[in-house]
Amino acid sequence: RLVAPGFAAVVYTPHCVFTMNPDIGRIGAAVFGGIERWLGRRSDALIAVSEDEAAHLRALGIDPEIVHCVPNGLHPPRWRPRDAARAELGVGPDTTVVGFLGRLSPQKNPLLLVQAFARLAPRHPDAMLAIVGDGPLEVEAREAERAHGLGGRIIWLGFRRPAVRQQESAFAQGRDG
């Protein structure tokens, strides 16, 4: 055990499973996958925050019997009327808004999201992308917006607490895998 043999159960709760990062490469995946397996062998339970994360941990070779999913939980916000939320964004009631809420980091892959929206945008001239969040890839994602000629089609809302999602028509997860 990691702390006190025979004293207490060891529960491993990763903040994020780094091997889910699409940009770590084969060597990074091998190194971090080995670390996850090593920690898994020394734990009585491993807590994943989503079924996707739990499946990934099992695929790494961690004993399925110790992997448990406890989904992230937030108290639901009090929703504002949809029209008021859309007015704040400057979009009409018939505008299609795809929303993203999360860290702008390699694991969430906002660059893939901007690229996907760039492919969708010509076929849907009324569609907008609303991005709530910030992070290390924000500058690069904004550069991708310019490179794809999407000026004015992406609404950058930055970090917000609490985040408001009432304005969207759809919600996107910009992570590979």
Side-chain angles (χ1 to χ4, degrees), residues 12-36 39 46-57 59-60 62 67 69-80 85-91 95-121 124 127-177:
Y12 172 37
T13 57
H15 175 69
C16 75
V17 179
F18 199 67
T19 51
M20 295 180 80
N21 181 336
D23 295 325
I24 64 172
R26 288 183 313 157
I27 293 171
V31 169
F32 289 102
I35 292 168
E36 294 293 356
L39 289 168
L46 194 153
I47 307 299
V49 298
S50 69
E51 287 298 336
D52 191 38
E53 190 176 81
H56 178 81
L57 290 164
L60 285 176
I62 295 172
V67 178
C69 180
V70 179
N72 279 330
L74 297 173
H75 294 291
R78 293 186 205 159
W79 297 113
R80 293 183 296 165
R86 284 173 161 266
E88 178 185 330
L89 294 179
V91 298
T95 301
T96 299
V97 180
V98 177
F100 171 86
L101 171 63
R103 243 176 18 261
L104 302 182
S105 66
Q107 187 176 24
K108 304 296 184 186
N109 203 353
L111 303 177
L112 178 64
L113 176 65
V114 172
Q115 181 182 24
F117 186 73
R119 293 183 70 188
L120 171 88
H124 301 277
M128 302 287 289
L129 175 60
I131 296 180
V132 179
D134 61 13
L137 291 181
E138 182 174 354
V139 170
E140 199 172 339
R142 287 177 181 263
E143 289 170 1
E145 173 191 24
R146 284 188 289 281
H148 288 294
L150 295 171
R153 302 281 302 272
I154 300 180
I155 304 165
W156 299 91
L157 297 165
F159 177 81
R160 293 190 171 199
R161 187 177 301 264
V164 177
R165 291 185 41 206
Q166 194 64 13
Q167 70 278 355
E168 302 145 359
S169 306
F171 192 71
Q173 179 179 353
R175 187 183 63 73
D176 288 334

Among all residues two or more places apart in sequence or in another chain, which pass the salt bridge (charged side-chain N to carboxylate O under 4.0 Å, His left out) test with E88? R80, R160
Can you name the salt bridge (charged side-chain N to carboxylate O under 4.0 Å, His left out) partners of R103, sequence neighbours left out? none
When rounded to the nearest 0.5 angstrom, what is the spacing between [atom1] in [X] and [atom2] in [Y]?
X    : Y    : atom1 : atom2 : answer
F100 : N109 : CZ    : CG    : 9.0 Å
L157 : L101 : CG    : CG    : 10.0 Å
T19  : E53  : OG1   : CD    : 8.5 Å

Please walk me through it: do L89 and T95 pass side chain to side chain contact (heavy atoms under 4.5 Å, CB included)? CA-CA 11 Å; L89 294 179; T95 301; over 6 Å; no
Could you pull out all residues at least two apart from [X] that satisfy side chain to side chain contact (heavy atoms under 4.5 Å, CB included)?
X    : answer
Y12  : P14, E36, L39, S43, L46
R26  : none
L150 : V114, F117, A118, A121, E145, H148, R153, I154
V70  : I47

Show which side-chain atoms of residues 129-138 pair as donor or acceptor with protein atoms under 3.5 Å away, not counting sequence neighbours.
| residue | atom | partner | partner atom | Å |
| --- | --- | --- | --- | --- |
| E138 | OE2 | R142 | NE | 3.2 |
| E138 | OE2 | R142 | NH2 | 3.2 |

C69 to S50 - nearest heavy-atom pair and separation: SG-C, 3.4 Å
Kindly give the heavy-atom pair with the smallest separation between A48 and L57, and that separation in Å.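 A48 and L57 have their closest heavy atoms at CB-CD1, 4.0 Å.
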Is the shortest side-chain heavy-atom distance between H56 and V17 below 4.5 Å?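 Of all side-chain heavy-atom pairs linking V17 with H56, at least one is under 4.5 Å.
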